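Worksheet: one structure, shown below.
Residue numbers run from 1 in the order of the sequence given. The figures here come from the full heavy-atom set of this structure, side chains too, leaving out hydrogens, waters and symmetry mates. Just so we're clear, the structure is a prediction, and the values are computed from it rather than from any experiment.
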Amino acid sequence: MGRGDLTNDEWARIAPHLPRSGNRGGRWKNHRKVINGILFRIRTGVPWRDLPERFGNWKTVYERHRRWSADGTWDGILQAVQADAGVQGRVDWSIVSVDSTSCRAHQHAAGAPRRAPRIAKRRSTPRQHRPDEGLGRSRGGLTCKIHLAGEGGLRPLALLITPGQWADSPQLIPVLERIRVKRPGGGRPRTRPDHLGGDKAYSSRRNRHHLRRRQIKHTIPEPKNQRANRQRRGSQGGRPAGFDRAIYKRRNEVERTINRLKNFRAVATRYDKRAYVFHSTVTVAAIRLWLQTSPVLHASL
């Protein structure tokens with residue numbers, strides 16, 4: 001077993017959730033070796049063609065990652081490992097924080113064909129496909145942004161890929177809508193945290209109204225301009241938003257989660273041309289974090 005490969009215990013946890021092997025032509029044989037190759041590439045950021053020979057043909061590794069990115073297999077595996085963690089009580093719902101991080105796009109990430117990609121043998125576009133490919137221009141060049149919600153155990157619960165110039169506030173609701181952790185006894189998956197934390201970039205009437213409507217307690221600081229505007233309107237401005245400094249100190253957990261994700265070089269720098277492939281690259285990194293030993297959880301608030 002090489003450095004960074006799946007251990008026997010980690011393999012046993014994801015093996016039941018993989019597509020069946022032994023189909024006609026043997027297309028899905030050697031899942032473990034191929035997944036180890038995908039993990040090696042995401043961890044090191046090497047070009048697919050430069051994968052070590054111990055992982056087999058690089059084309060096989062790349063094509064399986066692309067196919068599983070298109071049909072949502074990686075998203076299903078992430079939900080499965082999250083559900084397993086929920087059964088074992090290893091998901092810290094006491095506070096879930098939201099934040100975003102910008103990723104510089106390599107020059108190889110540009111130049112994707114303008115026509116929409118298609119899933120092989122299906123008349124549909126891949127899941128997570130974006131017509132803009134999640135790339136935006138800034139002074140530094142092409143950038144991409146990862147919006148995510150992280151639980152108290154320093155692992156991502158949900159993520160969203162957008163162009164780098166997109167603001168954080170409008171993405172709060174879409175990110176929260178992607179949180180779906182299956183319950184041990186069945187029924188509807190859990191989607192609401194006990195508490196939500198975010199910086200002042202997420203402070204808006206729309207976001208606060210959505211959180212109150214869903215009965216989600218939240219700690220989001222109010223910017224000075226919003227506070228001044230509310231005070232200027234007097235009684236019509238409404239009551240000030242509640243803010244707990246002690247709870248807000250735990251918002252650093254989502255920043256530490258981002259740092260753990262960016263330890264994977266293919267996440268810190270985007271090399272993938274297609275947005276749906278890069279989304280799955282980040283998803284595989286998140287799966288790797290969920291498979292690792294869980295950090296010590298905080299006490300409930």
Side-chain angles (χ1 to χ4, degrees), residues 4 14 17-19 27-28 31 34-51 55-79 100-137 141-148 156 158-164 166 171 174-175 178 258 261-289:
I14 68 170
H17 311 297
L18 297 175
R27 186 179 64 179
W28 300 127
H31 273 326
V34 171
I35 292 177
N36 284 334
I38 295 172
L39 290 173
F40 180 88
R41 185 264 174 179
I42 294 175
R43 179 172 58 86
T44 61
V46 300
W48 290 102
R49 293 175 181 271
D50 294 336
L51 281 175
F55 299 119
N57 189 335
W58 70 269
K59 187 72 171 178
T60 301
V61 180
Y62 166 73
E63 283 296 330
R64 198 162 305 181
H65 178 57
R66 185 184 64 82
R67 287 175 180 268
W68 287 0
S69 301
D71 61 17
T73 298
W74 287 126
D75 292 331
I77 295 174
L78 177 60
Q79 292 180 358
S100 68
T101 181
S102 295
C103 301
R104 180 68 181 273
H106 194 269
Q107 60 184 359
H108 293 166
R114 293 188 178 183
R115 63 180 183 277
R118 296 289 179 180
I119 301 179
K121 299 182 180 179
R122 299 181 187 177
R123 296 181 179 180
S124 61
T125 57
R127 297 186 183 183
Q128 314 299 339
H129 169 65
R130 299 182 59 95
D132 56 15
E133 297 300 348
L135 289 176
R137 292 193 176 274
L142 294 174
T143 56
C144 181
K145 186 175 282 189
I146 304 173
H147 306 263
L148 75 152
L159 60 96
L160 176 67
I161 306 298
T162 66
W166 282 30
Q171 311 309 320
V175 169
R178 290 172 177 245
I258 291 173
L261 278 176
K262 284 197 165 184
N263 284 334
F264 297 85
R265 292 173 178 261
V267 175
T269 302
R270 173 176 169 175
Y271 300 101
D272 302 310
K273 292 182 182 294
R274 294 293 190 181
Y276 76 91
V277 177
F278 181 66
H279 173 92
S280 292
T281 295
V282 184
T283 301
V284 173
I287 293 172
R288 197 71 176 94
L289 297 183

For [X], check side-chain hydrogen bond (donor to acceptor under 3.5 Å, both in side chains) against everything at least two apart and list the hits.
X: Arg178; value: Gln128
X: His129; value: none
X: His279; value: Asp75

Pairs satisfying salt bridge (charged side-chain N to carboxylate O under 4.0 Å, His left out), at least one member in residues 264-286, at least two apart: Arg41-Asp272, Glu133-Arg274

State, yes or no, whether a side-chain contact exists between [X] and [Y] at a heavy-atom distance under 4.5 Å.
X: Pro47; Y: Trp58; answer: no
X: Thr125; Y: Arg118; answer: yes
X: Leu261; Y: Thr101; answer: no
X: Leu18; Y: Ile35; answer: yes

Contacts of type ring pair (Phe, Tyr, Trp, His ring centres under 6.0 Å), residue His17, not counting sequence neighbours: none

Would the number of heavy atoms belonging to other residues, nucleotides or ligands and lying under 6.0 Å from CZ of Arg137 be above 12? no

Taking atom CD1 of Ile38 and atom CH2 of Trp48, what is their separation to the nearest 0.5 Å? 5.5 Å

When the ring planes of Trp68 and His31 are compared, do they come out parallel, tilted or perpendicular, using 30° and 60° as the limits? tilted

Please enumerate all residues that pass side chain to side chain contact (heavy atoms under 4.5 Å, CB included) together with [X], with sequence neighbours excluded.
X: Asn57; result: Lys59, Thr60
X: Gln171; result: His147, Leu160, Thr162, Trp166, Pro174
X: Ser124; result: Ile119, Arg122
X: His108; result: His106

Partners meeting salt bridge (charged side-chain N to carboxylate O under 4.0 Å, His left out) with [X] (sequence neighbours left out):
X: Asp132; answer: Arg130
X: Arg43; answer: none
X: Lys262; answer: none

